[in-house]
Trainee: 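My questions will all concern the structure given below.
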2 protein chains.
Amino acid sequence: MYRDAHVGEAPVGGAAFALPASCAGCPVRSSAICCVLDDSGLTALSRLGRRVTLAAGETLLWEGEEAVTVGNVLSGMLKLSTLTGDGREQIVGIVHPSDFIGRPFGKDSPHSATALTDTTLCVFGRAAFDRFAREHAVIGQALLERTLTELDRARHWMLLLGRKSACERVASLIVEIADRADDGPAIDLPLSRQQMGDILGLTIETVSRSLTRLKRAGIIALPSLRRIAINRPGELRAIAEG
Amino acid sequence: MYRDAHVGEAPVGGAAFALPASCAGCPVRSSAICCVLDDSGLTALSRLGRRVTLAAGETLLWEGEEAVTVGNVLSGMLKLSTLTGDGREQIVGIVHPSDFIGRPFGKDSPHSATALTDTTLCVFGRAAFDRFAREHAVIGQALLERTLTELDRARHWMLLLGRKSACERVASLIVEIADRADDGPAIDLPLSRQQMGDILGLTIETVSRSLTRLKRAGIIALPSLRRIAINRPGELRAIAEG
DNA sequence: CGGATTTTTGATAGCAATCAACAGCGGTGG
DNA sequence: CCACCGCTGTTGATTGCTATCAAAAATCCG
């Protein structure tokens with residue numbers, strides 16, 4: 001379906017700057033996992049990394065294939081997804097800028113990672129990163145805290161997938177996106193109906209119908225296709241909670 | 001619904017044995033997270049721990065409450081579960097002997113932990129354990145690997161909850177239990193129909209009907225209520241994959 | 001054995017999937 | 001400029017699966 005990602009720029013690193021040149025302008029320097037490193041650690045890690053760009057639709061990791069890369073998302077957004085034997089898709093996570101992506105300490109990738117928008121990443125070879133993480137406990141610690149948070153999130157989503165109605169699922173997704181964006185009463189939808197369905201375990205028709213019902217109830221408005229205005233946040237949250 | 005767990009035995013530890021007395025007879029000494037510690041580390045950790053017993057049905061951690069304890073399961077089995085606002089339950093994980101339980105580095109417990117059978121644990125105060133883990137990188141590393149595996153498992157389960165039919169879900173659960181037990185063609189079901197439903201996001205009636213269908217198809221047999229014989233593992237797996 | 005609980009089976013209803021048609025939007029080219 | 005086409009999203013009709021409600025059967029336990 002998608003072709004492999006192409007490498008954007010040449011490997012970075014080289015001389016041991018107090019702050020690596022490649023990191024100085026990094027858009028997620030203060031929030032990505034490497035923010036816990038001191039200058040010498042950052043310099044060492046930057047020698048292992050290189051920038052990669054993906055166009056929307058390109059896949060960085062394939063489910064079941066050997067997971068050779070890990071890294072940080074600098075800009076853009078990716079989906080993590082798995083397929084049933086007959087091709088039904090479920091999105092199991094969305095990866096945002098400053099999030100870590102990939103599966104350290106494991107041979108095969110348990111799911112695919114595909115760019116939803118044009119994306120830039122700072123990637124490392126998994127083996128080299130694993131070694132680095134074992135030698136720099138502070139990275140392991142940071143990775144642990146992020147992984148624990150991701151696990152909480154995944155388990156919380158299991159409640160949605162296992163027990164919530166279509167409307168409750170859609171309301172939950174809107175609340176989640178609104179909480180993350182936090183920019184006023186209207187939010188930009190970065191997802192197509194198909195992608196919303198794949199996240200929520202629903203078909204596009206059911207997503208659309210649920211949105212229409214929330215709109216007709218006056219709880220939200222849909223000023224444009226990719227925009228949602230939340231008129232009654234309290235009611236929306238109440239529906240989302242189930 | 002359930003009352004708080006009661007403390008089983010007095011705190012353990014004391015003199016710095018080469019191997020702590022309390023750990024010498026530990027049933028999961030070679031497989032729990034502490035197996036990565038050397039004798040001095042084990043001695044230090046054992047000073048923080050105490051044994052706790054839970055009767056089936058008792059709850060160790062409550063969703064949303066402050067998570068004051070973490071620990072290892074020595075024997076028995078627990079469920080991790082969350083509730084919707086109106087009381088629908090979803091089991092988000094099963095914890096077995098030698099598994100780690102609790103949420104280090106976080107204030108509140110994201111889900112409840114309730115004993116499915118009589119259970120014994122070796123528990124630590126969370127704050128003390130967090131401090132210990134930060135000082136002993138090897139524990140943090142081991143915790144990270146376990147957490148990554150749990151995250152993979154949770155995400156794989158999201159595919160089941162989001163996209164699989166009732167029969168596929170039941171087949172998947174049987175396959176998973178069979179793989180873990182790995183004791184011949186017939187497996188002991190450690191779960192009631194209600195618990196199976198809460199794990200699979202189904203009602204008890206639908207679980208029962210799915211089992212009947214698999215039985216009528218000759219793929220499994222149900223020699224007793226809590227026992228399943230797998231007649232055609234290949235077909236069962238094919239159904240489970242979706 | 002008897003009563004409580006769990007499980008199975010049956011009948012029905014409701015929700016979401018499926019199949020199908022239509023509307024809105026953007027881009028292309030005549 | 002506007003007709004046409006492809007794509008995404010909405011709406012409608014119908015089907016099918018699972019939940020719900022109800023009752024019978026099996027199992028457990030004293």
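Proteins get letters first, then strands, A, B, ... in listed order; numbering begins at 1 in each.
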Trainee: Classify the side-chain pair B:K164/B:S172 by whether it contains a donor and acceptor separated by less than 3.5 Å.
Mentor: yes

Trainee: Which residue, A:Q195, A:Q194, A:K79, forms the side chain to side chain donor-acceptor pair (under 3.5 Å) with A:E89?
Mentor: A:K79

Trainee: I'd like to know whether B:R227 forms a salt bridge (Lys or Arg N to Asp or Glu O under 4.0 Å) with B:D188, so could you lay out the CA-CA distance, the side-chain angles of the two residues, the decisive distance to 0.1 Å, and finally the verdict.
Mentor: CA-CA 5 Å; B:R227 214 164 159 70; B:D188 275 312; 2.8 Å; yes

Trainee: Is there a donor-acceptor pair closer than 3.5 Å between any side-chain N or O of B:Q90 and the backbone N or O of B:D198?
Mentor: yes

Trainee: Can you measure A:L211 atom CG to D:dT8 atom P for me and round it to whole angstrom units?
Mentor: 17 Å

Trainee: Categorize B:G201 for me: base, sugar-phosphate, or nothing, with a 4.0 angstrom heavy-atom threshold over every strand shown.
Mentor: sugar-phosphate

Trainee: Considering only NZ, NE, NH1 and NH2 on the basic side and carboxylate oxygens on the acidic side, decide whether B:R153 and B:E176 come within less than 4.0 Å.
Mentor: no

Trainee: Would you tabulate the pairs of protein nitrogen or oxygen atoms and nucleotide nitrogen or oxygen atoms of nucleotides 20-22 of chain D closer than 3.5 angstrom?
Mentor:
from, atom 1, to, atom 2, distance (Å)
D:dT20, O4, B:R209, NH2, 2.9
D:dC21, N4, B:E205, OE2, 3.0

Trainee: Rounding to an integer number of Å, can you tell me how far A:Q90 CD sits from C:dA17 P?
Mentor: 12 Å

Trainee: Nearest whole angstrom, please: distance from the P of D:dG9 to the CG of A:D198.
Mentor: 12 Å

Trainee: Calculate the interatomic distance between A:L214 atom CG and D:dT10 atom C1'; express it in whole Å.
Mentor: 15 Å

Trainee: Base, sugar-phosphate or nothing for B:L202? Non-hydrogen atoms, less than 4.0 Å.
Mentor: sugar-phosphate

Trainee: Give me the distances for all protein-to-nucleotides 4-7 of chain C N/O pairs that come in under 3.5 Å?
Mentor:
from, atom 1, to, atom 2, distance (Å)
C:dT7, OP2, B:R193, N, 3.4

Trainee: Taking atom CG of A:L74 and atom CZ of A:R51, what is their separation to the nearest 0.5 Å?
Mentor: 5.0 Å

Trainee: Given atom NZ of A:K164 and atom P of C:dA16, what is their separation to the nearest angstrom?
Mentor: 14 Å

Trainee: Describe, as an angle rounded to 10 degrees, how the axis at the first end of the helix from C:dC1-D:dG30 to C:dG30-D:dC1 is tilted relative to the axis at the last end, five pairs per end.
Mentor: 30°

Trainee: Starting at CZ of A:R227 and ending at P of D:dT8, how long is that distance when rounded to a whole Å?
Mentor: 22 Å

Trainee: Between A:D179 and A:R237, does any NZ, NE, NH1 or NH2 come within less than 4.0 Å of an OD or OE carboxylate oxygen?
Mentor: yes

Trainee: Under 4.0 Å between a side-chain nitrogen and a carboxylate oxygen: does that hold for A:R155 and A:E150?
Mentor: no

Trainee: What residue among B:R232, B:E168, B:R169 forms side-chain contact (heavy atoms from CB on, under 4.5 Å) with B:I239?
Mentor: B:E168

Trainee: How do A:L222 and B:R213 order along DNA chain D: which one's closest nucleotide is nearer the 5' end?
Mentor: A:L222

Trainee: What is the distance, to the nearest angstrom, from the CZ atom on B:R163 to the C1' atom on D:dT18?
Mentor: 17 Å

Trainee: Could you tell me whether A:F129 and A:F100 have their ring centroids closer than 6.0 angstrom?
Mentor: yes

Trainee: Kindly say if B:S224 contacts the phosphate of D:dT27, meaning a side-chain N or O under 4.0 Å from OP1 or OP2.
Mentor: no

Trainee: Tell me the interatomic distance from B:R88, atom CZ, to D:dA19, atom P, rounded to whole angstroms.
Mentor: 12 Å

Trainee: Side chains of B:S75 and B:T120: donor-acceptor distance under 3.5 Å anywhere?
Mentor: yes

Trainee: Return the CD1 to CZ distance between B:I94 and B:R180, rounded to the nearest 0.5 Å.
Mentor: 9.5 Å

